[in-house]
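Remarks on the structure that follows.
All ligand and atom numbering here is 1-based and tracks the order in the structure. Below, each value reflects all heavy atoms present in this structure, side chains not excepted, and no hydrogens, waters or symmetry copies.
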Amino acid sequence: MASRTRIAICLLRNDLRFHDNEALQWANKNCTHVLPLYCFDPRHFGGTYHFNFPKTGSHRLKLLLQTVTDLRQTLRNKGSDLIVRHGKPEVVVSELVQRIGSENVSTVTFHTEVTDEEVKVENAIKEKSGVKVETFWGHTLYHKDDLPFSPKQLPDVYTQFRKRVEGQSPVRKCIVMPDKLNPLPEGIEAGDIPTVQQLGGQEAPVDDRGVMEFKGGETVALERLQHYLFGSDSVATYKETRNGLIGADYSTKFSMWLAFGSLSPRHIYWEIKRYESERVSNQSTYWVIFELIWRDYFRFVALKYGNQIFQLEGIQGKHIQWKQDKDLFNAWKDGRTGVPFVDANMRELAATGFMSNRGRQNVASFLTKDLKLDWRLGAEWFESMLIDHDVCSNYGNWLYSAGIGNDPREDRKFNMVKQGLDYDPEGDYIRLWIPELAGVKGGVVHTVWTMGNGALSTAGVSLGETYPKPVVIAPEWSRHFGKKSVGV
Ligand SMILES: Cc1cc2nc3c(=O)[nH]c(=O)nc-3n(C[C@H](O)[C@H](O)[C@H](O)COP(=O)(O)OP(=O)(O)OC[C@H]3O[C@@H](n4cnc5c(N)ncnc54)[C@H](O)[C@@H]3O)c2cc1C
């Protein structure tokens, strides 16, 4: 006698991979048929919450389409497919259940998220689909159930969190995936992957000055992981190079693939452990894990504080008089503040959708501490522009920079001039992204407004005309004026 048909719909969202995918593995193990589903949710292609920037900017959209295309191919190779729909997941899932017959659909599976919009989708599926829902925790290195405290007791200081999980929580092994997936239920059309235009987006500009050519999807993600570890040994020098600004290998560049879920943090962890046992184990190899624990931390912070992470007062409930000056904000976002280190980073972001961690910390500090602008302007601009936007990491870091998050230090503020000179002493990064300043040689380019008229004119710069005068000059910057000789 044929066994009863048991169909699982596996909803994929920010877990767009085959490896280490428990929601998919569970569905495959427990049901006769599996329907892997991705929905292009129209809400992701509208505007951001307060300021109506495109919620999925063109750089991320391009990578999302590549990611979904790659996952479809992988699933096809496994004997299945990725069913693609354009619609709200809670509506699409209900329609599919009706179409297949609720008596045949035994379960909907998915990885749980922690932030409001995503959790609302999950609750709507639970209410509307009429079938059992099986959820999994799959976005972090440390499993929520393995934390040595309840999420509400999460320490508010990162170091305390890190020490406790490192001391008391295991990192689980990756989920062993089947070689082949169970078949799709019959009569379900795969659905076309929409184009950029159909999603109302715009083609992303291409700029060969970017750190690297990013390509979405698990296939390239796994190649990048192998390259960074066994291919180039870059992981063995990460701690020394990670504050770089130019090029592919100063840092891992895993963030975009992690954000789409094309790369599992656990898989990275176990590959680093393998690298450590086969090649070398040092501070650098550990430091990549240290940074991945930051990523975990911000997800657990979001779980603990819920919508407070989006509120003006942040998780500290601190009232600060933030400004919403449109001109200042536009100067920041367009890379026209007249402060070269800020402008170069903001132009890189606009041109490529990526910015180094060093850059992000500086431009966030500049927006919140020097310009004193509403931090949510910056967070929503990043949300729109970043190829690796991850709601927990983005908002957690912005709160941290704005002094209303998890930074135990009071009033931490970056000095744009010192930072520029420390991390780009010769000014190469500035000249790469600000061609107007290409004629200014050496590190003095970081303080171009301090140059004399003669030097400026030899360099072909006319302040206020070819390049803006600084919108603000912080008093502490002057300590670093003249640290690099003026050269043209
Ligand atoms: C204002 C601001 C906003 C940010 N927004 C995001 C975001 O939306 N998405 C995102 O993934 N990261 C964000 N970051 C964190 C960090 O800048 C990026 O993860 C990193 O620059 C990505 O490059 P990488 O993969 O080469 O990082 P690496 O230096 O190679 O680090 C390895 C991995 O560790 C994690 N990581 C490193 N630093 C952080 C951090 N500070 N917080 C959380 N995780 C970290 C990332 O997953 C990263 O891929 C933000 C930082 C700031 C200051």
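- Looking at Asp156 and Lys304, a side-chain N of the basic residue comes within less than 4.0 Å of a carboxylate O on the acidic one, giving a salt bridge.
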When you check ligand 1 against the protein, what N or O pairs turn up below 3.5 Å? List the atom names and distances, or just say none.
| unit_1 | atom_1 | unit_2 | atom_2 | d |
| --- | --- | --- | --- | --- |
| ligand 1 | 5 (N) | Asn394 | OD1 | 3.4 |
| ligand 1 | 8 (O) | Asp390 | N | 3.1 |
| ligand 1 | 9 (N) | Asp388 | O | 2.8 |
| ligand 1 | 17 (O) | Asn357 | OD1 | 2.8 |
| ligand 1 | 21 (O) | Asn357 | N | 3.3 |
| ligand 1 | 25 (O) | Thr252 | OG1 | 3.4 |
| ligand 1 | 25 (O) | Lys253 | N | 3.4 |
| ligand 1 | 25 (O) | Phe254 | N | 3.1 |
| ligand 1 | 25 (O) | Ser255 | N | 3.1 |
| ligand 1 | 25 (O) | Ser255 | OG | 3.4 |
| ligand 1 | 26 (O) | Ser251 | OG | 2.6 |
| ligand 1 | 26 (O) | Thr252 | N | 3.4 |
| ligand 1 | 26 (O) | Lys253 | N | 2.7 |
| ligand 1 | 29 (O) | Tyr238 | OH | 2.5 |
| ligand 1 | 30 (O) | Thr252 | N | 2.8 |
| ligand 1 | 30 (O) | Thr252 | OG1 | 2.6 |
| ligand 1 | 31 (O) | Tyr238 | OH | 3.3 |
| ligand 1 | 38 (N) | Glu291 | OE1 | 3.2 |
| ligand 1 | 41 (N) | Asn397 | OD1 | 3.2 |
| ligand 1 | 42 (N) | Asn397 | ND2 | 3.0 |
| ligand 1 | 49 (O) | Ser255 | N | 3.2 |

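- Under 3.5 Å, the side chains of Tyr286 and Glu276 contain no donor-acceptor pair of N or O atoms.
- Using modelled atom types and a 3.5 Å distance limit, the side chains of His446 and Gln419 yield no donor-acceptor pair.
- Counted by atom type alone, Glu383 and Asn394 present zero donor-acceptor pairs between their side chains at under 3.5 Å.
- The aromatic ring centroids of Phe300 and Trp137 lie less than 6.0 Å from each other.
- Under a 3.5 Å cut-off, the side chain of Ser384 and the backbone N or O of Pro54 do form a donor-acceptor pair.
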